[in-house]
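Below is one structure, written out as C-alpha cells, with a few remarks after it.
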Number of protein chains: 2
Amino acid sequence: MLPPVRRVILYGLAGGALLALLKFFEYQYFVRAYTSEIYGGLVAVIFSAVGIYFGLHWARARHVVVIKEIRVPEGGSFVLDVEKLKALGITPREHEILGLIAEGLSNREIGERLFVSENTVKTHSSRVFDKLGVGRRVQAVLKGRELGLIP
Amino acid sequence: MLPPVRRVILYGLAGGALLALLKFFEYQYFVRAYTSEIYGGLVAVIFSAVGIYFGLHWARARHVVVIKEIRVPEGGSFVLDVEKLKALGITPREHEILGLIAEGLSNREIGERLFVSENTVKTHSSRVFDKLGVGRRVQAVLKGRELGLIP
DNA sequence: CGGAAAATCACCCGAAAGGAGGACGACCGG
DNA sequence: CCGGTCGTCCTCCTTTCGGGTGATTTTCCG
C-alpha cells in the first residue's frame, strides 16, 4: 500500500479533478437537463464509495493483536503456547514434526504421512532438537511437553 | 454493532434526509449566495466522512487473536499400577529401565547409571518393548504412561 | 519487485537403537 | 536335583537416528 501522506494527496487530487469534471459538465449540459439533486447524489454516491473503500483499507493496514490470557485449570485441555513457540523460533512445520515424533512415529513414517521424504523430516527434526536444546527424540518429547508445545 | 441490513437502511434514510435538507436550504438561501461547487464539495466531504466511518466499522471485525497460556503446575499424583505390571510380566529391573528410558536417557547412559553394560540395557529394553507390544522407545514411553506404569 | 524466511531434498558419516541368538550364574520352589 | 525365572553379558547384523553441509524451490512480506 501507498504511504498515508501520498495517499491523502492523491485522494485530494482525485476529488479536485472530479469536482472540476463535474463542474465542466454542469456548465455545458447538465445544468439545464438535470437538477442539482442528481449532481449532489452522484457526488454523494461516489465519495461514499471511495470513503468506504479507503476506510476498509485503512482498517486492514493496522492489524490489531489481542493478547488473551487463559488460565488452564489442572488437567484441563491442552492449549498451545504460541509465545514460547515464537520465542524458540520453531516454525509450524517443525512443530508439526515434533507432534508426530511425540506420537511415536519414526522419521520414515512421518515422511509418508506428510508426503515428504525422510530426509526432509530429518532436517526438520534436527532443527527442532537444536531449538529445544536436546539430542534425542524422547528428550524432545519431554521438553516439548514441559514447554507446552505438545499435549 | 447493528445488523447489516438495518444499518444499510438507516444509512439510506440519513442520506435521503441530508439530501432533502440540503435541497431545502438550497432553494431558500444557498442557491443565490453560493455556487453549486460549495454544495458538491459539502456533500463530498460529508459522504466521504460517513463512508470512511462505516468502512472502518465494517472492517473492525479483523482481529488477530493470540492466545497466551498460563500454566498451572499440576498436582496430579502418580499411582503405579502394580496389577498391570504383573499382568504384563514386567520384572522390576525392566520396569526400572522403562522409567529411565522415559527420562530420555540413552541405553549407554542407563547402563552407566545402573553400573551394567549397554548390552544388558538393550536386552531389558527389548523385553519391555515385546511385553508392551511396541517397537520404539517413544512408543514404549507413551504406552507405559497410558498403562500407568510410569508418571 | 526483491529479499528473507520457510520448506524441501540430497548425500555422507558416525552413533544409537533394535532383532536374533546364545551363554552364564544366582536363586527359588517342587 | 532340576526346571523356571531373573539378571547379566556377549556377538553379529540391520535399521534408525542425528549431525553436518549444501542446494533448490516455495512462500511471505515490505
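In the text below, chain A, chain B and the rest are named by the order of the sequence lines, each starting its count at 1.
Contacts of B:Glu103 classified as salt bridge (charged side-chain N to carboxylate O under 4.0 Å, His left out), with partners at least two apart in sequence or in another chain: B:Arg113. Judged as a side-chain contact (heavy atoms from CB on, under 4.5 Å), and not counting sequence neighbours, the contacts of B:Asp81 are B:Glu83, B:Lys84. For the side-chain contact (heavy atoms from CB on, under 4.5 Å) test, residues two or more places apart in sequence or in another chain that qualify with A:Ser117 are A:Asn119, A:Thr120. For A:Thr123, the side-chain contact (heavy atoms from CB on, under 4.5 Å) partners at least two apart in sequence or on another chain are A:Arg127. Looking at residues two or more places apart in sequence or on another chain, you find a side-chain contact (heavy atoms from CB on, under 4.5 Å) between A:Glu109 and A:Leu105, A:Ser106, B:Arg136.
If you chain together hydrophobic residues whose side chains sit under 4.5 Å apart, A:Leu98 and A:Leu142 never meet in one group. Note on A:Val134: it clusters hydrophobically with A:Ile110, by side-chain heavy-atom contacts below 4.5 Å among ILVMFWY residues.
Applying the 4.0 Å criterion to OP1 and OP2 of D:dT8, one finds that B:His124 has a side-chain N or O inside that range.
Looking at residues 129-136 of chain B, you'll see B:Phe129, B:Gly135, B:Arg136 sit with a heavy atom under 4.0 Å from some atom of DNA chain C. Within residues 80-114 of chain B, the residues that place at least one heavy atom under 4.0 Å from DNA chain D are, in residue-number order, B:Thr91, B:Pro92, B:Arg93. Residues from residues 115-123 of chain A that place a heavy atom under 4.0 Å from any atom of DNA chain D, listed by number: A:Lys122. For the segment residues 138-151 of chain B, no residue has any heavy atom less than 4.0 angstrom from an atom of DNA chain D.
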Just the atom pairs and distances: protein N or O near nucleotides 25-30 of chain C's N or O, under 3.5 Å.
none

Report the C-alpha separation of A:Asn107 and A:Arg137 in whole Å, then their side-chain angles, then the decisive distance to 0.1 Å, and conclude whether the side-chain contact (heavy atoms from CB on, under 4.5 Å) test is met. CA-CA 10 Å; A:Asn107 286 338; A:Arg137 42 181 54 213; 2.4 Å; yes

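With contacts defined as side-chain heavy-atom distances shorter than 4.5 Å, the pair A:Ile150/A:Val141 qualifies.
Rounded to whole angstrom, the span from the CZ atom of B:Arg127 across to the P atom of C:dA17 amounts to 18 Å.
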Which side-chain N or O atoms in residues 88-96 of chain B pair as donor and acceptor under 3.5 Å with protein atoms at least two apart or in another chain?
{"unit_1": "B:Thr91", "atom_1": "OG1", "unit_2": "B:Glu94", "atom_2": "N", "d": "3.3"}
{"unit_1": "B:Thr91", "atom_1": "OG1", "unit_2": "B:Glu94", "atom_2": "OE1", "d": "3.4"}
{"unit_1": "B:Arg93", "atom_1": "NH1", "unit_2": "B:Glu96", "atom_2": "OE1", "d": "3.0"}
{"unit_1": "B:Glu94", "atom_1": "OE1", "unit_2": "B:Thr91", "atom_2": "N", "d": "3.0"}
{"unit_1": "B:Glu94", "atom_1": "OE1", "unit_2": "B:Lys131", "atom_2": "NZ", "d": "2.7"}
{"unit_1": "B:Glu94", "atom_1": "OE2", "unit_2": "B:Lys131", "atom_2": "NZ", "d": "3.1"}
{"unit_1": "B:His95", "atom_1": "NE2", "unit_2": "B:Leu149", "atom_2": "O", "d": "2.8"}

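Remark: B:Leu100 CG to B:Ser125 OG distance equals 11.0 Å, nearest 0.5 Å.
Comparing the local axis fitted to the first five base pairs of the helix from C:dC1-D:dG30 to C:dG30-D:dC1 with the one fitted to its last five gives a bend of 50°, rounded to 10°.
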